[in-house]
**Q** 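Questions regarding the structure given below will be posed in turn.
Proteins come first, then strands; the chains are lettered A, B, ... in the order of their sequence lines, and each starts at number 1.
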Amino acid sequence: MVVLSNNDGCIVARSAEAKALGISMAIPIFKNWDLVRRHRIKVLSSNYVLYGDMSRRVMSILAQLAPRIEVYSIDEAFLGCEGIPQDQLSDFGRQIRSAVARMTGIPVSVGIAATKTLAKVANHFAKREPERKGVLLLDDPELIRSYLDRIPLEKVWGIGRRKAEFFRRNHIDNVLQLVAADDRWIKQHLTVMSLRTAWELRGISCIPLEAIPPKRKGIGTSRSFGRDVRDLADLKEAVAAYTSRAAEKLRCQGLAAGHIHVFIATDAFKDEPFYANAAGIGLDPPSAATPFLCSQAIRLLKRIFRPGLVYKRAGIMLMELTGADKVQSDLFVPVYHQSRQQRLMETVDRYNRTTNTGKLFWAAEGMGKPWYMRQAYKTKRYTTRWDELPVARA
DNA sequence: TCTGGGGTCCTAGGACCC
DNA sequence: TCTGGGGTCCTAGGACCC
């Protein structure tokens with residue numbers, strides 16, 4: 001089985017069987033259709049509603065078991081192990097693994113070590129070495145060395161392809177050599193980011209656990225189109241729909257935006273000349289009202305739209321975020337907080353949260369949405385919609 | 001024919017201030 | 001011949017993460 005990115009573009013997840021058949025990560029599906037048909041590989045669109053719900057379930061189990069939790073991404077969390085005796089850490093890992101499996105059916109792997117970076121190394125091997133049964137504690141210096149000796153540079157958290165290349169050009173071919181490298185040299189050539197990585201690999205914590213998520217700096221929504229978009233009218237609909245989505249995320253976190261940015265682009269893979277442009281404007285006072293944000297977004301779109309082109313992608317970014325209730329009052333302009341606009345938005349959001357059928361949306365988003373992304377192989381939202389519950393057959 | 005989306009952080013360089 | 005020192009803010013670009 002393989003799972004595709006948005007717009008059914010690239011392969012972004014593969015089952016063990018698909019990996020064994022030589023299907024590589026992040027390859028466009030159209031380059032793999034032969035293999036897919038030959039081996040009857042199941043192809044699925046991604047289903048973010050389902051993933052989001054399962055993620056929340058897993059994270060809430062972890063939050064009950066661990067003293068502290070930092071939810072790092074949809075499928076990863078760092079847990080603080082304060083107060084758990086050293087000789088019980090492996091047991092704690094096994095307990096996490098079995099609780100999550102029992103309550104969600106999802107297999108997880110657990111890496112335990114003195115720093116986040118080393119815990120990620122431990123996890124890397126917990127996942128891959130069957131004899132570890134999904135749990136690996138890295139506390140012994142010799143054990144740590146033996147694993148650092150075996151993990152490829154680019155698999156270390158914070159070292160990507162470019163940095164690994166740079167290290168190799170400079171005769172650092174292995175993580176142990178990086179650990180032994182000179183601090184000044186690392187800082188000079190690769191900034192403090194890599195210096196932190198090196199220290200973390202030596203067991204000195206430089207990246208603290210963040211139990212309270214830091215304030216968001218920007219909220220964006222962008223999509224590739226499911227088919228050619230040439231008309232300003234279609235682009236306006238798409239930009240309005242993306243703005244509406246981003247504004248929902250904004251209000252969900254109680255924020256207002258002080259800046260809005262719109263961008264559009266043609267297909268970079270096509271032979272035709274590539275056009276991409278962006279425009280932004282400050283919003284004073286900051287707002288979280290969809291109609292206002294949409295009107296601003298469409299004004300910006302008109303500034304960058306060039307007729308006669310085939311557009312492939314558009315997006316909007318909301319920035320300079322502040323708490324909606326922290327916005328400075330204005331003598332001449334009504335602010336969003338406690339306005340009729342806000343009451344309207346809250347009513348719309350509440351309706352859309354509590355109803356299962358249909359959705360209240362702005363007419364500017366359009367009805368047909370011909371530009372909407374492809375999702376030809378979508379599974380059901382099994383856990384969040386009454387009408388899409390899994391069916392058990394006798 | 002068909003190639004994802006949403007983020008963060010750091011640095012260098014420019015423009016400006018006194 | 002010789003042209004200061006100490007700051008801030010902003011942006012673009014690059015690298016990384018999932």
**Q** Taking atom P of C:dC17 as reference, at what distance in whole Å does atom CD of A:E154 sit?
**A** 10 Å

**Q** Give a yes or no on this: more than 12 heavy atoms of other residues, nucleotides or ligands lie within 6.0 Å of atom CZ of A:R299.
**A** no

**Q** Below the 4.0 Å mark, does B:dG6 have OP1 or OP2 next to a side-chain nitrogen or oxygen of A:S222?
**A** yes

**Q** Assuming nearest nucleotide by heavy-atom distance, tell me which of A:P214 and A:C10 is located more 5' along DNA chain B.
**A** A:C10

**Q** Return the residues of residues 254-269 of chain A meeting this criterion: a heavy atom under 4.0 Å from some atom of DNA chain B. Order them by number, or give none.
**A** A:D267, A:F269

**Q** Find every protein N or O atom lying less than 3.5 Å from an N or O atom of nucleotides 12-16 of chain C, and list the pairs.
**A**
{"unit_1": "C:dA15", "atom_1": "OP2", "unit_2": "A:R162", "atom_2": "NH1", "d": "3.1"}
{"unit_1": "C:dC16", "atom_1": "OP1", "unit_2": "A:G160", "atom_2": "N", "d": "3.1"}
{"unit_1": "C:dC16", "atom_1": "OP1", "unit_2": "A:G160", "atom_2": "O", "d": "3.3"}
{"unit_1": "C:dC16", "atom_1": "OP1", "unit_2": "A:R162", "atom_2": "N", "d": "3.4"}
{"unit_1": "C:dC16", "atom_1": "OP1", "unit_2": "A:K163", "atom_2": "N", "d": "2.6"}
{"unit_1": "C:dC16", "atom_1": "OP2", "unit_2": "A:R162", "atom_2": "N", "d": "3.3"}

**Q** Linking directly or through intermediates, with side-chain heavy atoms under 4.5 Å: list the remaining ILVMFWY members grouped with A:M193, chain and number order.
**A** none

**Q** Remember a base hit wins even if backbone is also touched, and classify A:L4 as base, sugar-phosphate or nothing at under 4.0 Å, heavy atoms.
**A** nothing

**Q** When the distance from CZ of A:F225 to C1' of B:dG5 is rounded to whole Å, what number comes out?
**A** 14 Å

**Q** Would A:R56 and A:Y51 count as a cation-pi pair here, with the cationic atom under 6.0 angstrom from the ring centre and within 45° of the axis?
**A** no

**Q** Pick the closest DNA chain B nucleotide for A:D8 and for A:G220 by heavy atoms, then say which residue is nearer the 5' end.
**A** A:D8

**Q** Who else is in A:W33's hydrophobic cluster (ILVMFWY, side-chain heavy atoms under 4.5 Å, direct or via others)?
**A** A:V2, A:L4, A:I11, A:L21, A:I23, A:I29, A:F30, A:L35, A:V36, A:I41, A:V43, A:Y377

**Q** Compute the centroid of each ring, for A:Y372 and then for A:F225, and state whether the two points are separated by less than 6.0 Å.
**A** no

**Q** Would you say A:R216 places a side-chain N or O within less than 4.0 Å of OP1 or OP2 belonging to B:dG6?
**A** no

**Q** With Watson-Crick and G-U wobble geometry limited to distances under 3.5 Å, how should the secondary structure of DNA chain B be encoded in dot-bracket form, using | for bases paired to another strand and [ ] for crossing pairs?
**A** ....||||||||||||||

**Q** Within the pair A:K217 and B:dC9, is there a side-chain N or O less than 4.0 Å away from OP1 or OP2?
**A** yes

**Q** Can you measure A:I74 atom CD1 to B:dG5 atom C1' for me and round it to whole angstrom units?
**A** 12 Å

**Q** Of all residues at least two apart in sequence or in a different chain, which pass the side-chain contact (heavy atoms from CB on, under 4.5 Å) check with A:S73?
**A** A:D75, A:E76

**Q** Can you check whether A:R227 has a side-chain N or O nearer than 4.0 Å to OP1 or OP2 of B:dC2?
**A** no

**Q** Please, which pairs that meet salt bridge (Lys or Arg N to Asp or Glu O under 4.0 Å) have at least one residue in residues 255-271 of chain A, sequence neighbours excluded?
**A** A:D267-A:K270

**Q** Once salt bridge (Lys or Arg N to Asp or Glu O under 4.0 Å) is applied, what residue pairs with a partner in residues 333-349 of chain A remain, sequence neighbours excluded?
**A** A:R251-A:D349

**Q** Answer whether the closest heavy-atom distance between the side chains of A:L118 and A:Y147 falls below 4.5 Å.
**A** no

**Q** Could you list who else is in A:F78's hydrophobic cluster, with ILVMFWY side chains joined at under 4.5 Å, directly or through other members?
**A** A:Y72, A:W157, A:I207, A:L209

**Q** Would you indicate what A:G218 reaches in the nucleic acid, counting non-hydrogen atoms under 4.0 angstrom: base, sugar-phosphate, or nothing?
**A** sugar-phosphate

**Q** Looking at DNA chain C, which of residues 180-197 of chain A put a heavy atom within less than 4.0 Å of it?
**A** none

**Q** What is the separation between atom CD1 on A:I27 and atom P on B:dG4, rounded to the nearest whole Å?
**A** 12 Å

**Q** Counting only side-chain nitrogens and oxygens, does A:K312 get under 4.0 Å of the OP1 or OP2 atom of B:dT3?
**A** yes

**Q** Any non-hydrogen side-chain atom of A:L79 less than 4.5 Å from a side-chain atom of A:I96?
**A** yes

**Q** May I ask you to establish whether A:K369 and A:F361 are in a cation-pi arrangement, using a distance under 6.0 Å from NZ or CZ to the six-membered ring centre and at most 45° from the ring axis?
**A** yes

**Q** Would you please name every residue forming a ring pair (Phe, Tyr, Trp, His ring centres under 6.0 Å) with A:W185, sequence neighbours left out?
**A** A:F166, A:H189

**Q** What's the closest nucleotide to the side chain of A:F30 if the choices are C:dC18, B:dC2, B:dC9?
**A** B:dC2

**Q** Among A:D139, A:L89, A:L138, A:I84, which residue satisfies the side chain to side chain contact (heavy atoms under 4.5 Å, CB included) criterion with A:I112?
**A** A:L89

**Q** Surrounding CZ of A:R168 (heavy atoms of other residues, nucleotides or ligands, distance under 6.0 Å), is the total greater than 12?
**A** yes

**Q** Applying salt bridge (Lys or Arg N to Asp or Glu O under 4.0 Å), run through A:R202 and A:D183 and close with a yes or a no.
**A** CA-CA 12 Å; A:R202 294 171 195 157; A:D183 279 355; 3.0 Å; yes

**Q** Tell me which residues in residues 43-60 of chain A put a heavy atom below 4.0 Å from DNA chain B, sorted by number, or none.
**A** none

